Amino acid sequence: RIVEIYNRAKKLMDDGTRDSFKDAAKLFESIEEYKDSSSLIKECMEKSEEARLFDIYTRAKNAMSSYSYQRAIKFFESISDYKDSLQLAEKCKELEEEDRLKRERRAKEAREYTAAQAKRKKTIIAIASSVVAIFIVFAIVMNTIIIPNGKYNDAIALMEAGKHHESLRNFWQLDGYKDSKE
């Protein structure tokens, strides 16, 4: 029975997972006096801890790869004595700061673009309004001064040419422009 427990514990060690090392350590503890079980308990506990650290380190690296810098920092700082965890935590802090600055720069550019678009829109509205106003003024001047003045001059020319009947009709159409009633 002891040999069977020993062999099962050795097989669990070969699996290489954190839980398998813990389970193997428990089995070795149950047969601590057999062969090298007592030294294998210590080895299993060390390897279990190494697997735990490696698992956290791997999660941290994955978080770092997926730009989850805050999460990666927490993982790395929780295993600060493991490999290059502290340096990678600092690198994550730098990358996070770079990302924050990029986001701020993009937000500023978006605000500036929006402001420029609004200014452009206001300029277009101002120009369009000015063109419409000029057109309205031109239409008013055209209908109240230029066209009536042309008709008035035509009526005078007809009157001077002796075409009084046509001249009279044109003066009536001017509806009091200048001295057309007279």
Side-chain angles (χ1 to χ4, degrees), residues 1-140:
R1 166 129 171 112
I2 292 175
V3 172
E4 186 179 302
I5 293 172
Y6 182 85
N7 288 337
R8 193 166 5 132
K10 289 288 271 181
K11 186 172 179 168
L12 283 170
M13 283 181 73
D14 291 339
D15 287 347
T17 66
R18 179 181 178 201
D19 290 337
S20 66
F21 285 121
K22 281 184 172 181
D23 293 343
K26 288 178 186 174
L27 288 174
F28 285 127
E29 285 174 355
S30 71
I31 57 167
E32 193 169 349
E33 301 299 321
Y34 184 73
K35 286 188 177 184
D36 57 350
S37 292
S38 61
S39 65
L40 290 176
I41 293 168
K42 183 179 177 187
E43 182 181 337
C44 285
M45 296 308 283
E46 288 171 356
K47 287 186 176 183
S48 174
E49 178 61 10
E50 174 65 27
R52 182 186 76 81
L53 295 172
F54 182 75
D55 180 50
I56 294 171
Y57 185 81
T58 302
R59 286 188 209 170
K61 294 277 272 189
N62 289 339
M64 186 178 180
S65 296
S66 63
Y67 308 104
S68 300
Y69 298 122
Q70 277 297 322
R71 189 168 174 234
I73 291 166
K74 287 178 185 175
F75 282 135
F76 284 130
E77 288 179 345
S78 74
I79 55 169
S80 59
D81 293 338
Y82 188 73
K83 294 186 179 185
D84 57 349
S85 292
L86 280 180
Q87 292 87 351
L88 290 175
E90 288 303 313
K91 181 67 176 173
C92 285
K93 289 175 185 176
E94 291 170 11
L95 292 170
E96 182 179 41
E97 180 64 12
E98 286 176 18
D99 280 356
R100 184 187 66 76
L101 292 173
K102 282 180 190 175
R103 284 190 306 274
E104 284 179 5
R105 189 171 44 254
R106 284 190 203 121
K108 181 182 176 188
E109 289 170 356
R111 285 190 305 272
E112 289 172 351
Y113 177 77
T114 302
Q117 289 297 92
K119 184 177 179 181
R120 183 174 180 248
K121 186 177 180 180
K122 286 178 184 177
T123 302
I124 289 171
I125 290 172
I127 292 171
S129 299
S130 298
V131 168
V132 169
I134 290 170
F135 179 75
I136 290 170
V137 167
F138 177 74
I140 291 170

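The first residue of the sequence shown is numbered 1, and numbering continues consecutively from there. Only a predicted model underlies this, so the values are computations on that prediction, with no experimental measurement involved.
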Spacing of CZ belonging to Arg8 relative to CG belonging to Asp23, to within rounding of 0.5 Å: 10.0 Å
Under 3.5 Å: donor-acceptor pair, side chain of Ser48, backbone of Cys44: no
Over all atoms of both residues, closest heavy-atom pair of Leu88 and Tyr57: CD1-OH, 3.5 Å
Flag side-chain contact, heavy atom, 4.5 Å: Lys35 against Leu40: no
Lys93/Glu96 ion pair, N-O < 4.0 Å: no
Separation of Asp84 CG from Phe76 CZ (nearest 0.5 Å): 7.0 Å
N/O donor-acceptor pair under 3.5 Å between Ser85 side chain and Asp81 backbone: no
Over 12 foreign heavy atoms within 6.0 Å of NZ, Lys11: no
Nearest heavy atoms of Met64 and Ala72, plus distance in Å: N-CB, 3.7 Å
Expected output: side-chain Ser20 to main-chain Leu12 donor-acceptor under 3.5 Å: yes
Spatial distance of atom CG (Leu95) from atom NZ (Lys102) [nearest 0.5 Å]: 8.5 Å
Residue of the set Glu50, Glu49, Glu43 for which salt bridge (charged side-chain N to carboxylate O under 4.0 Å, His left out) holds with Lys47: Glu43
Other residues, nucleotides, ligands: >12 heavy atoms within 6.0 Å of Met13 CE: yes
Atom pair CZ/NZ of Phe54 and Lys61 - distance to nearest 0.5 Å: 10.0 Å
Greater than 12 external heavy atoms within 6.0 Å of Arg71's CZ: no
Any donor-acceptor pair under 3.5 Å from Ser37 side chain to Glu33 backbone: no
Whether over 12 other heavy atoms sit under 6.0 Å from Gln87 CD: yes
Distance-minimising heavy-atom pair for Arg59 and Asp55: NH2-OD2, 2.8 Å
Phe28/Asp36 under side-chain contact (heavy atoms from CB on, under 4.5 Å): CA gap, chis, key distance, verdict: CA-CA 9 Å; Phe28 285 127; Asp36 57 350; 5.6 Å; no
Electrostatic pair Lys26-Glu29, nearest N-O below 4.0 angstrom: no
Approximate separation, where rounding is to 0.5 Å, of Asp99 CG and Tyr67 OH: 8.5 Å
Distance, nearest 0.5 Å, that separates CG of Leu86 from CD1 of Ile73: 12.0 Å
